[in-house]
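Single-structure report; data block below.
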Amino acid sequence: MVLAQLGGSISRALQQMSNATIIDEKVLNECLNEITRALLQADVQFKLVRDMQTNIKKIVNLDDLAAGHNKRKIIQQAIFNELCKMLDPGKPSFIPKKGKTSVVMFVGLQGSGKTTTCTKYAYYHQKKGWKPALVCADTFRAGAFDQLKQNATKAKIPFYGSYMESDPVKIAVEGVERFKKENCDLIIVDTSGRHKQEVALFEEMRQVSEATKPDLVLFVMDSSIGQAAFDQAQAFKQSVAVGAVIVTKMDGHAKGGGALSAVAATKSPVIFIGTGEHMDEFEVFDVKPFVSRLLG
Ligand code: GDP
């Protein structure tokens with residue numbers, strides 16, 4: 001039972017509230033403030049937490065709480081539902097079809113886990129009988145092509161890149177063309193990142209996207225970036241049509257609250273999470289366990 005996993009300060013806050021003899025607005029507010037603190041610590045953006053508080057106050061009826069013995073359950077359920085709702089942008093992302101060529105472009109800052117995630121995504125589909133291919137359009141980071149080549153070779157996935165060419169747009173176009181001719185059904189384009197959000201990076205993303213016309217742009221986000229998630233996701237969304245999000249490093253300490261920000265900023269769903277450095281440490285995103293972890 002997912003709700004039973006609610007833990008830490010949130011369950012303490014709910015416990016305190018249900019111990020109170022009278023549940024009035026003050027007690028409910030104290031409880032919600034405690035929950036707010038826990039969610040902020042889990043990297044959920046302040047504005048989103050505040051919106052959630054407002055919604056919960058609208059949903060939770062104080063009279064019901066006073067009369068009922070399951071106050072905790074009512075509030076738990078309301079919080080849980082609100083967070084699930086925040087992770088649902090209301091429309092599904094583009095879903096590639098096996099046997100029909102799709103181009104998927106990966107974007108994200110350097111170190112987010114983009115290159116690793118490209119291979120994981122390719123490998124995941126390859127295991128299901130797809131014919132994926134990897135294109136390294138990252139000409140910025142020294143060693144990027146070698147890393148992709150190494151990963152791709154290990155997974156026996158065809159790859160394309162260049163040690164000489166410095167124009168990422170040219171490589172991306174050549175790679176996509178080649179793999180279209182080879183009838184690959186999932187052509188994955190890995191792009192450059194930078195340490196921070198720079199104008200040059202976004203211009204490059206725009207150009208690569210314009211030249212390769214991807215069916216899907218995937219934004220890769222490190223779960224440990226904390227409150228920076230919203231601005232980062234928004235900056236990418238403003239330059240390319242981000243259609244889905246992958247949150248990496250969920251095996252670490254971060255609770256992943258930044259994912260809510262990424263969904264809000266890009267209006268796109270999270271579709272996978274990265275749970276380790278290995279190729280198969282990759283899972284389809286599932287809202288309920290994710291929210292449980294956030295609250296735990
Ligand atoms: P890029 O610069 O965005 O292409 O990032 P890389 O793919 O090179 O990844 C940066 C580092 O993060 C590498 O050491 C990866 O092994 C590591 N990494 C990527 N995804 C995950 C993950 O889900 N969990 C863990 N623990 N490490 C990851």
Side-chain angles (χ1 to χ4, degrees), residues 42-43 104-125 127 132-155 157 159-163 168 171-172 175 187-198 200-202 204-205 208-209 214 216-226 228-229 231-233 235-237 239-240 242 244-259 262 266 270-286 289-290 293-294:
D43 297 329
V104 179
M105 175 179 166
F106 276 61
V107 300
L109 287 192
Q110 190 163 313
S112 61
K114 197 162 19 75
T115 303
T116 310
T117 307
C118 280
T119 321
K120 286 177 171 180
Y121 183 77
Y123 183 66
Y124 172 89
H125 286 90
K127 279 193 301 186
L134 290 159
V135 179
C136 176
D138 180 356
T139 52
F140 183 79
R141 179 164 64 95
F145 181 38
D146 273 331
Q147 187 190 348
L148 180 130
K149 195 167 150 180
Q150 214 174 38
N151 291 347
T153 308
K154 213 155 103 187
I157 295 164
F159 60 90
Y160 183 83
S162 167
Y163 289 111
I171 300 180
I187 306 172
I188 298 158
V189 182
D190 188 13
T191 60
S192 300
R194 302 283 198 276
H195 290 300
K196 51 189 173 59
Q197 294 146 224
E198 290 171 15
L201 169 66
F202 296 119
E204 183 176 317
M205 294 305 102
V208 172
S209 167
L216 175 65
V217 178
L218 265 168
F219 169 60
V220 178
M221 188 198 91
D222 180 339
S223 61
S224 64
I225 60 165
D231 288 349
Q232 199 182 106
F236 276 100
K237 178 76 177 185
S239 47
V240 281
V242 172
V245 178
I246 296 183
V247 182
T248 64
K249 308 187 193 178
M250 284 299 290
D251 50 313
H253 293 301
K255 293 248 171 92
T266 62
V270 180
I271 56 170
F272 287 100
I273 55 168
T275 54
E277 296 195 43
H278 294 115
M279 201 132 31
D280 55 358
E281 290 174 315
F282 192 59
E283 293 169 16
V284 170
F285 178 75
D286 194 355
F290 184 87
R293 175 189 162 120
L294 206 62

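Whatever order the structure lists them in is the order used to number ligands and atoms, beginning at 1. Sequential numbering from 1 along the given sequence is applied to the chain's residues.
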Answer with yes or no whether Ser112 contacts ligand 1, where contact means a heavy atom under 4.0 Å from a ligand atom. yes

Is any side-chain heavy atom of Glu281 closer than 4.5 Å to a side-chain heavy atom of Asp251? no

Met250 N/O to ligand 1 N/O under 3.5 Å: no

Just checking Tyr123 against Phe282, ring centres under 6.0 Å apart? no

Just heavy atoms, cut-off under 4.0 Å: does Asp138 contact ligand 1 by side chain, backbone, both, or neither? neither

Do me a favour and list the nearest non-hydrogen protein atom to atom 17 (C) of ligand 1 with residue, atom name and distance? Lys249 CE, 4.1 Å

Using the rule ring-ring contact (aromatic ring centres under 6.0 Å, His included), only one of Phe106, Tyr124, Phe219 pairs with Phe272; which is it? Tyr124

Looking only at protein heavy atoms, what sits closest to atom 27 (N) of ligand 1 is Glu277 CG, 3.4 Å

From Asp222 atom CG to Ile246 atom CD1, the distance as rounded to the nearest 0.5 Å: 13.5 Å

For atom 3 (O) of ligand 1, the protein heavy atom that lies nearest, with its residue and separation: Lys114 N, 2.8 Å

Please list, in number order, the atoms of ligand 1 under 4.0 Å from a heavy atom of Leu109. 3 (O)

Applying salt bridge (Lys or Arg N to Asp or Glu O under 4.0 Å), name anything that partners Lys114, two or more places apart in sequence or on another chain. Asp190

Going by the order shown, which atoms of ligand 1 are within less than 4.0 Å of some heavy atom of Gly274? 23 (O)

Non-hydrogen side-chain atoms of Arg141 and Thr115 separated by less than 4.5 Å: yes

Name the closest protein heavy atom to atom 26 (N) of ligand 1, giving the residue it belongs to and the distance to 0.1 Å. Asp251 OD2, 2.7 Å

Does some side-chain heavy atom of Thr191 sit less than 4.5 Å from a side-chain heavy atom of Phe140? no

Does ligand 1 have any atom sitting under 4.0 Å from a heavy atom of Asp222? no

Which residue and atom name correspond to the protein heavy atom nearest atom 22 (C) of ligand 1, and how close is it? Gly276 O, 3.1 Å

Can you confirm, on distance only, whether ligand 1 has an N/O atom lying under 3.5 Å from any N/O atom belonging to Gln110? no

Below 4.0 Å from any atom of ligand 1, is there a heavy atom belonging to Arg141? yes

Does a side-chain heavy-atom distance below 4.5 Å link Leu201 with Phe236? yes

Taking heavy atoms and a distance under 4.0 Å, where does Lys120 meet ligand 1: side chain, backbone, both or neither? side chain

Is Met250 close to Glu283 at the side-chain level, that is, under 4.5 Å between some pair of heavy atoms? no

Looking only at N/O atoms, are Thr115 and ligand 1 under 3.5 Å apart anywhere? yes

Restricting to non-hydrogen atoms, name the atom on Ala244 and the atom on Ile271 that form the minimum distance, rounded to 0.1 Å. CB-CD1, 3.8 Å

Run Ile171 and Thr139 through side-chain contact (heavy atoms from CB on, under 4.5 Å) and show every step you take. CA-CA 9 Å; Ile171 300 180; Thr139 52; 3.5 Å; yes

What part of Thr275, side chain from CB on, backbone N/CA/C/O, both or neither, has a heavy atom under 4.0 Å from ligand 1? backbone

Residue-level breakdown please: for Gln147 versus ligand 1, do any non-hydrogen atoms fall below 4.0 Å on the side chain, on the backbone, on both, or on neither? side chain

Does the side chain of Cys136 reach to within under 4.5 Å of the side chain of Lys149, using non-hydrogen atoms? no

Just need the protein heavy atom nearest to atom 15 (C) of ligand 1, so name the residue and atom and give the distance. Thr116 OG1, 3.6 Å

What protein heavy atom is closest to atom 5 (O) of ligand 1, reported as residue, atom name and distance in Å? Gly113 N, 3.1 Å

Counting non-hydrogen protein atoms only, what is the nearest one to atom 2 (O) of ligand 1? Give residue, atom name and distance. Gly111 N, 2.7 Å

